[in-house]
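Heads up: the structure comes next, in structure tokens.
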Amino acid sequence: MIREKIWTRNFIVVCLSSFFMFLTFYILATAFPLYVKESLHGNQQQMGLAITIYVIGGVLIRPFSGQWVDKFGKKKMAVIGLTIFLIACIGYFGSNGIVLFLVIRFLHGMSYAVASTATSTIASTLIPYSRQGEGIGYFSMFMSIAMVIGPALGLFLWKDENINVLLLGVCVIAALSLLFMLGVRMPKEDKANVIEAVKKPAKTRKGLRWRDVIEPKALPISLVGFTLAFSYSSLSGFIASFTKEIHQSQLTGYFFVAFAIMIVLFRPVIGKVFDKYNEHILIYPGILIFAVGLLSLSQARSGLMLMMSGVIMGIGYGALMPCFQTLALKLAAKDRRGSANGTFFLLFDLGYGAGSYFMGLIASYTDYRMMYEVAGGVTLLSLAAYYLLHHVPQAKAKLHIQKSNIDVV
């Protein structure tokens, strides 16, 4: 039996487009709080807003982005999203005040939500159905690589505190993302589906139903993804402050490198196991490993223990993220993949935003060690969430199908 190809020209091109988009995100997420403090003379709250307002923009548009992708076409919405994404990057050149800067950040977050939903939906369309787990794993691996390169490149571009150098570099990278997307050739079948959807007369009904913007079949696993993002926010938002507290700030960058290397190393294996066996064989151990990593981080007092925590969490997170996203896509109908992607990323963004706030609150009233202990506990709770929201319903559905087949026979 000949295996269907994953690494086609179009798949490689869309992976590169996604890579440059996420690279832009991580560069600005690292450098912009410093820019707000040094150049715009903002306070700590405004430094945090540089990230929060971007997430809010994305969360508000996420529910609609999936619907637009399904209705108007994946590539069309990706090009529109990435064009506005680039325009926002250019717009930062004229944002001399904090208010205008935050307005552009908000619009930038909205464009990112549309572009990322469309881009990941395109990738899922290009991957053979029999190899969805493996293909989505490779696609998200490019995001992990951007996560490693982005923060270091952001600090490098900002080293002379020259905003023009930073923005010029970001604009070039955002332009590359758009150019690669323009080079994607969508399958004829996908184009035909878009034309049919546009021509098809819409059913007259009052108002907008929640099912129009949320994919119900993707909602349970997306809620489990919410808990993962809630816990993960403790890493991206507070690890630098924690490493400084334990006198290991020189290892902050290496921590994320170790974290991402584990994701990249195990990603091909994770995808193949997902496609060959059921998802439970990866998700239950993945949740446990990620929780162990967070709990070991809470007790870290040396550089070695800090790095080991990063390695452990990289393995766990690397198994969970592609599994959750692939399940969200596979459980939905083909013409609802955009909505499924939008649903997953909406819940993930909400988890990330809520987690950042509550983890910061816990740290302010206790300390970072307690915060990571709580994050580990929340991760363990997601075991129950996964079992109740996904495992049990799927088992019942399979049993029902088996009984129906027996009755037919």
Side-chain angles (χ1 to χ4, degrees), residues 4-22 24-25 58 61-86 109-129 131-133 135-140 142-143 174 176-200 202 211-215 217-218 222 322 325-346 348-349:
E4 295 176 282
K5 288 175 63 177
I6 291 178
W7 293 104
T8 60
R9 172 200 171 275
N10 285 326
F11 181 71
I12 294 170
V13 170
V14 79
C15 284
L16 289 171
S17 176
S18 178
F19 167 75
F20 286 117
M21 177 180 63
F22 279 105
T24 304
F25 168 79
I61 210 73
R62 277 287 186 201
F64 306 99
S65 64
Q67 185 190 26
W68 295 338
V69 167
D70 289 330
K71 185 176 181 180
F72 300 112
K74 305 171 184 65
K75 182 177 176 179
K76 183 177 182 180
M77 293 312 302
V79 170
I80 291 172
L82 288 171
T83 300
I84 300 172
F85 189 83
L86 174 58
M110 294 177 76
S111 67
Y112 164 78
V114 173
S116 58
T117 299
T119 304
S120 56
T121 308
I122 289 171
S124 69
T125 303
L126 297 172
I127 299 165
Y129 187 79
R131 300 181 71 185
Q132 282 280 304
I136 292 294
Y138 285 130
F139 175 75
S140 58
F142 281 81
M143 181 176 70
L176 285 171
S177 180
L178 176 59
L179 286 172
F180 276 109
M181 179 51 62
L182 289 169
V184 175
R185 299 170 191 163
M186 294 302 295
K188 291 181 180 179
E189 180 187 352
D190 189 74
K191 292 178 182 178
N193 289 340
V194 172
I195 294 169
E196 186 181 344
V198 172
K199 285 183 177 179
K200 190 177 181 181
R211 286 174 180 266
D212 294 331
V213 292
I214 298 293
E215 172 50 51
K217 291 181 179 178
S222 298
Q325 190 179 357
T326 305
L327 280 173
L329 291 166
K330 292 190 80 169
L331 291 170
K334 284 187 177 181
D335 62 343
R336 293 281 293 172
R337 282 184 172 183
S339 297
N341 247 325
T343 301
F344 176 77
F345 282 116
L346 168 66
F348 196 86
D349 289 347

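Fair warning: this is a prediction, and the values are worked out from it, not measured in the lab. We number each residue from 1, following the sequence as shown.
- Two residues are said to be in side-chain contact when any heavy atoms from C-beta on lie closer than 4.5 Å; S65 and F345 fail this criterion.
- Taking CE from M110 and CZ from F64, the interatomic distance works out to 9.5 Å, rounded to the nearest 0.5 Å.
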- For E215 and F344, run side chain to side chain contact (heavy atoms under 4.5 Å, CB included): C-alpha distance rounded to whole Å, both residues' side-chain angles, the deciding distance at 0.1 Å, then the answer. CA-CA 9 Å; E215 172 50 51; F344 176 77; over 6 Å; no

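- The two residues F142 and F19 have their closest heavy-atom pair at O-CD1, 3.4 Å.
- By the 4.5 Å heavy-atom criterion applied to side chains, F139 and S18 are counted as neighbours.
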Side chain to side chain contact (heavy atoms under 4.5 Å, CB included) evaluation trace for L346 with I214:
CA-CA 9 Å; L346 168 66; I214 298 293; 3.7 Å; yes

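- Side-chain contact check for Y112 versus F22: some heavy-atom pair is nearer than 4.5 Å.
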message = V184 vs S17, test: side chain to side chain contact (heavy atoms under 4.5 Å, CB included). Steps then yes/no.
response = CA-CA 9 Å; V184 175; S17 176; 5.8 Å; no

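- With sequence neighbours left out, the side-chain hydrogen bond (donor to acceptor under 3.5 Å, both in side chains) criterion links S124 to no other residue.
- Panel note: side chain K217, backbone A333; no donor-acceptor pair is recorded below 3.5 Å.
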Please set out all donor-acceptor pairs under 3.5 angstrom arising from side-chain atoms of residues 9-16, sequence neighbours excluded.
residue: R9; atom: NH1; partner: G183; partner atom: O; Å: 3.1
residue: R9; atom: NH2; partner: G183; partner atom: O; Å: 2.8
residue: N10; atom: OD1; partner: R185; partner atom: N; Å: 3.0
residue: N10; atom: ND2; partner: R185; partner atom: O; Å: 2.8

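- Note that CG of L176 is 11.5 Å distant from CG of L82, once rounded to the nearest 0.5 Å.
- In plain terms, the two heavy atoms of A328 and A340 that are nearest each other are O-CB, 3.4 Å.
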Derivation and outcome, side chain to side chain contact (heavy atoms under 4.5 Å, CB included), residues I127 and Y138
CA-CA 10 Å; I127 299 165; Y138 285 130; over 6 Å; no

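- At least one side-chain heavy atom of S116 sits under 4.5 Å from a side-chain heavy atom of R62.
- When all heavy atoms are compared, the tightest approach of T121 to T125 is O-OG1, 2.9 Å.
- For M77, the side chain to side chain contact (heavy atoms under 4.5 Å, CB included) partners are W68, V69, F72, I80, V114, A118, not counting sequence neighbours.
- Atom-to-atom distance recorded for I6:CD1 and R131:CZ is 3.5 Å, nearest 0.5 angstrom.
- Annotation for G81 and S111: closest pair O-CB, 3.5 Å, computed over non-hydrogen atoms.
- The two residues A113 and I61 make their nearest non-hydrogen contact at CB-CG2, 3.1 Å.
- The CD atom of Q67 sits 8.0 Å away from atom CZ of R336, with the distance rounded to the nearest 0.5 Å.
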